[in-house]
Amino acid sequence: MNKLNPRQNEAVRYADGPLLVLAGAGSGKTSVITRKIAYLIEQKGIPGRHIAAVTFTNKAAREMKERVGRIVDRGKSRGLIVSTFHNLGLNMIREEHAHLGYYPGFSIFDAEDAKALLQDLMLREDTADEGDELSDIQMTISSWKNAMRRPEEAYSKAEDEREQRIALIYKRYNEYLKAYNAVDFDDLILLPVLLFRECPDVLAKWRRKIRYMLVDEYQDTNVCQYELVKMLVAERAAFTVVGDDDQSIYAWRGARPENLAQLKQDFPSLKIIKLEQNYRSTSRILRCANTVIANNPHVFEKALWSEHTVGNEIRVIRCRNEDAEAERIATEILDNKLKNGLEFRDFAVLYRGNHQSRLLEMKMQAYQIPYRMSGGQSFFSKNEIKDAMSYLRLLVNPDDDAAFLRVVNVPRREIGPRTLEQLNHYARSREVSLFRALADMGAESHIAERGLERLRRFAHWVDRTCERLHTDNPVHVIKQLFTDIEYEEWLHQHSATPKQAERRMENIWYLVESIQRMLDDGKGTADETGIEDAITRLVLRDMMEQREEEDDSDKVQMLTLHASKGLEFPHVFIMGMEEEILPHRASIEEGNIEEERRLMYVGITRARETLSMTYAASRKQYGEKIETIPSRFLDEFPEEDLRWEGTGDLDQEANQKKGKATLSALLGDLGV
DNA sequence: AAGTATTTCTTTTTT
DNA sequence: AGAAATACTT
């Protein structure tokens with residue numbers, strides 16, 4: 001166990017008042033949080049079950065749990081809450097669902113479900129969607145929820161007709177969700193806050209439960225999340241929040257880095273501790289990071305420093321086009337690995353948008369470089385998993401129309417759009433869910449006999465499976481379900497290759513195993529997990545991550561800049577250093593360069609030893625060749641810390657100054 | 001209703 | 001260029 005430096009130590013031991021820790025990149029903030037939890041339990045005598053540590057990602061929560069587990073013994077940390085904001089909210093809703101008018105087994109709608117619901121809703125109500133995008137409306141509603149603005153308020157405070165119209169849709173959207181016994185992601189935070197406002201006794205109960213609170217990545221909290229923290233913490237103000245305004249890269253989903261400054265006003269006795277020593281990067285990398293980020297305005301000034309050596313210059317590599325760029329990175333990794341005896345896992349390639357990974361992935365395969373991609377498609381967005389989850393959701397919550405529609409004809413039950421249209425119409429007129437409408441006597445007169453018969457056969461099968469789920473062994477019933485519907489055959493029909501079908505089926509079995517595990521884990525514990533809870537909870541849990549953890553094999557990491565936050569690698573590549581990509585086009589248009597610069601900052605500070613940045617002189621966009629402009633951020637680096645390659649005469653000038661560069665660049669090019 | 005051809009749109013970032 | 005939505009056949 002490393003010794004803490006004096007600042008870190010102070011942050012750990014300061015527990016008598018509100019504390020804000022400004023933790024620069026690589027300053028050991030996770031250590032501080034974990035050690036502080038241990039300190040609170042062991043030195044301050046606060047039982048683990050009265051402490052809550054909140055993070056933003058499952059990964060961070062899992063890592064923290066693991067690290068706490070290593071330094072605090074099991075008995076003392078029992079009941080300790082280490083979870084994401086969303087998971088904490090889910091627990092609250094689960095426990096208080098009756099107050100909120102929800103039934104056990106409620107569903108969580110992901111972004112896709114929510115979008116489908118909106119689409120359907122707008123089609124049904126004659127809300128002619130003139131011009132503005134569905135996803136625009138979805139975003140607006142989401143931002144209102146994040147700002148704790150309810151439909152009525154959104155309507156009265158609407159600034160134009162468009163907002164007024166969306167506010168009306170928002171109201172209907174919430175009603176539909178309620179009718180489906182479903183909540184969306186934003187509700188997971190919003191509903192507890194609304195409940196706490198309404199029912200002081202429920203709030204009091206949670207305040208007794210959580211006596212000390214720690215929040216990681218505090219700059220990423222939105223209005224609603226901050227409100228939740230504030231309510232739980234109240235005047236007792238027993239909390240520590242850790243954050244770094246320079247790493248705020250989630251403003252687009254409602255994060256308010258101003259929450260850092262706000263804290264000072266809401267809690268005048270707030271103590272502020274800065275962690276400025278970086279234990280990760282070479283001092284040159286740090287100097288670059290500091291110089292670049294200095295172009296942003298700051299509320300809290302901080303200067304990262306490092307005891308490490310200066311290290312290599314930062315390389316900037318110009319490539320002819322995007323193909324050459326991907327090729328160069330792949331060969332560069334192979335070459336570097338061989339020359340310096342490194343592992344694949346020592347390398348990471350970072351990019352702005354997920355689509356940039358496609359070409360690189362092809363090159364990696366061509367050179368047989370093992371790689372791991374994250375930030376791409378998550379486990380739960382895979383089609384087979386969405387199907388499976390929809391079946392499970394339907395079993396637990398038959399009113400979940402989104403789930404019903406997804407699986408009613410998968411695999412083929414010869415129930416087509418026409419039949420569903422009739423059912424939908426009828427259900428709407430009766431104001432019941434699709435599933436319940438089927439049991440209705442009046443259905444005969446509104447739905448063609450053939451279709452109705454097929455629908456009812458399906459409904460009957462769901463009913464029976466549902467019964468068995470509660471009488472038999474649930475996992476066994478679920479396994480049976482997939483055999484019943486001959487899902488494997490269906491997969492084979494609808495997959496490109498038999499191999500892909502097998503892979504997809506494996507994903508299904510993995511999902512089933514996870515349910516088994518969740519049920520086993522909860523056995524005998526205070527919070528015994530029922531099958532309903534397990535299924536609800538699954539939506540929030542990213543199992544892809546767990547899976548990756550299992551094989552910690554030697555692979556090059558490929559991730560988005562966003563996904564790279566909190567991670568570190570010896571050798572980092574950042575690709576696509578171009579205007580319209582790294583300062584992303586949309587951000588340039590909105591004039592939000594500062595957030596892009598923070599993204600750049602996050603990228604730079606991931607690197608321990610070397611950092612290489614690439615850009616393509618021309619690139620195909622939407623199938624058209626475009627001449628590119630190197631990113632403005634390249635100009636913000638200290639000139640003497642950069643070594644340019646592939647830039648013609650400019651290249652030679654730079655290389656003559658530094659000597660050896662050209663030769664090794666040539667060797668690199670000839671390397672494969 | 002299912003399968004095939006054509007057209008249109010896409011590229012931020014994620015709990 | 002590629003995916004996804006839509007139109008057109010069987």
Assign [X] to base, sugar-phosphate, or nothing according to its heavy-atom contacts below 4.0 angstrom with the strands shown.
| X | answer |
| --- | --- |
| A:F56 | sugar-phosphate |
| A:T419 | sugar-phosphate |
| A:D110 | nothing |
| A:E590 | base |
| A:I415 | sugar-phosphate |
| A:R358 | nothing |
| A:R585 | nothing |

[X] has an atom [atom1]; how far is it from atom [atom2] of [N], in whole Å?
| X | N | atom1 | atom2 | value |
| --- | --- | --- | --- | --- |
| A:K565 | B:dT13 | NZ | P | 16 Å |
| A:Q225 | B:dT14 | CD | C1' | 12 Å |
| A:E217 | B:dT14 | CD | C1' | 14 Å |
| A:L561 | B:dT13 | CG | P | 11 Å |
| A:D323 | C:dG2 | CG | P | 12 Å |
| A:N354 | C:dA3 | CG | C1' | 15 Å |
| A:L599 | B:dT14 | CG | P | 10 Å |
| A:N87 | B:dT15 | CG | C1' | 10 Å |

message: Please report the distance separating the C1' of C:dT6 from the corresponding atom of B:dT11, rounded so that it comes out in whole Å.
response: 22 Å
Out of [options], which has the shortest distance to the side chain of [X]?
| X | options | value |
| --- | --- | --- |
| A:K620 | B:dT14, B:dT15, C:dA1 | C:dA1 |
| A:H584 | B:dA2, B:dT11, B:dT14 | B:dT11 |
| A:N409 | B:dA2, B:dT14, B:dT15 | B:dA2 |
| A:R412 | B:dT14, B:dG3, B:dT10 | B:dG3 |

message: Any non-hydrogen side-chain atom of A:F109 less than 4.5 Å from a side-chain atom of A:V183?
response: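 When only atoms from C-beta onward are counted, A:V183 and A:F109 do not touch, as no gap falls below 4.5 Å.
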query: Does a side-chain heavy-atom distance below 4.5 Å link A:N592 with A:E596?
result: no
- prompt: Can a side chain N or O of A:T560 be found less than 4.0 Å away from OP1 or OP2 on B:dT14?
  reply: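 True: A:T560 side-chain N/O within range (under 4.0 Å) of B:dT14 OP1/OP2.
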task: Return no unless some side-chain N or O of A:N222 is found under 4.0 Å from OP1 or OP2 of B:dT15.
output: no
task: Could you check A:Q621 against A:F85 and say which one's nearest nucleotide on DNA chain B is further toward the 5' end?
output: A:Q621
message: On DNA chain B, does the nearest nucleotide to A:E414 precede the nearest nucleotide to A:A111 from the 5' side, or the other way round? Give the residue.
response: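 Looking at DNA chain B, the more 5' nearest nucleotide goes with A:E414.
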- prompt: Strictly by modelled atom types, are A:Q219 and A:D245 linked by a side-chain donor-acceptor pair under 3.5 Å?
  reply: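 Per modelled atom types, A:Q219 and A:D245 side chains form no pair under 3.5 Å.
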field: No-hydrogen, no-angle side-chain donor-acceptor test under 3.5 Å, A:N321 and A:S618
entry: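 No, no side-chain donor-acceptor pair sits under 3.5 Å.
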query: What do the steps show when you test A:F56 against A:F85 for ring pair (Phe, Tyr, Trp, His ring centres under 6.0 Å), and what is the final call?
result: CA-CA 6 Å; A:F56 275 87; A:F85 261 108; 5.3 Å; yes
message: Would A:H446 and A:Y426 count as a ring pair (Phe, Tyr, Trp, His ring centres under 6.0 Å) here? Give the steps.
response: CA-CA 7 Å; A:H446 294 83; A:Y426 177 66; 4.8 Å; yes
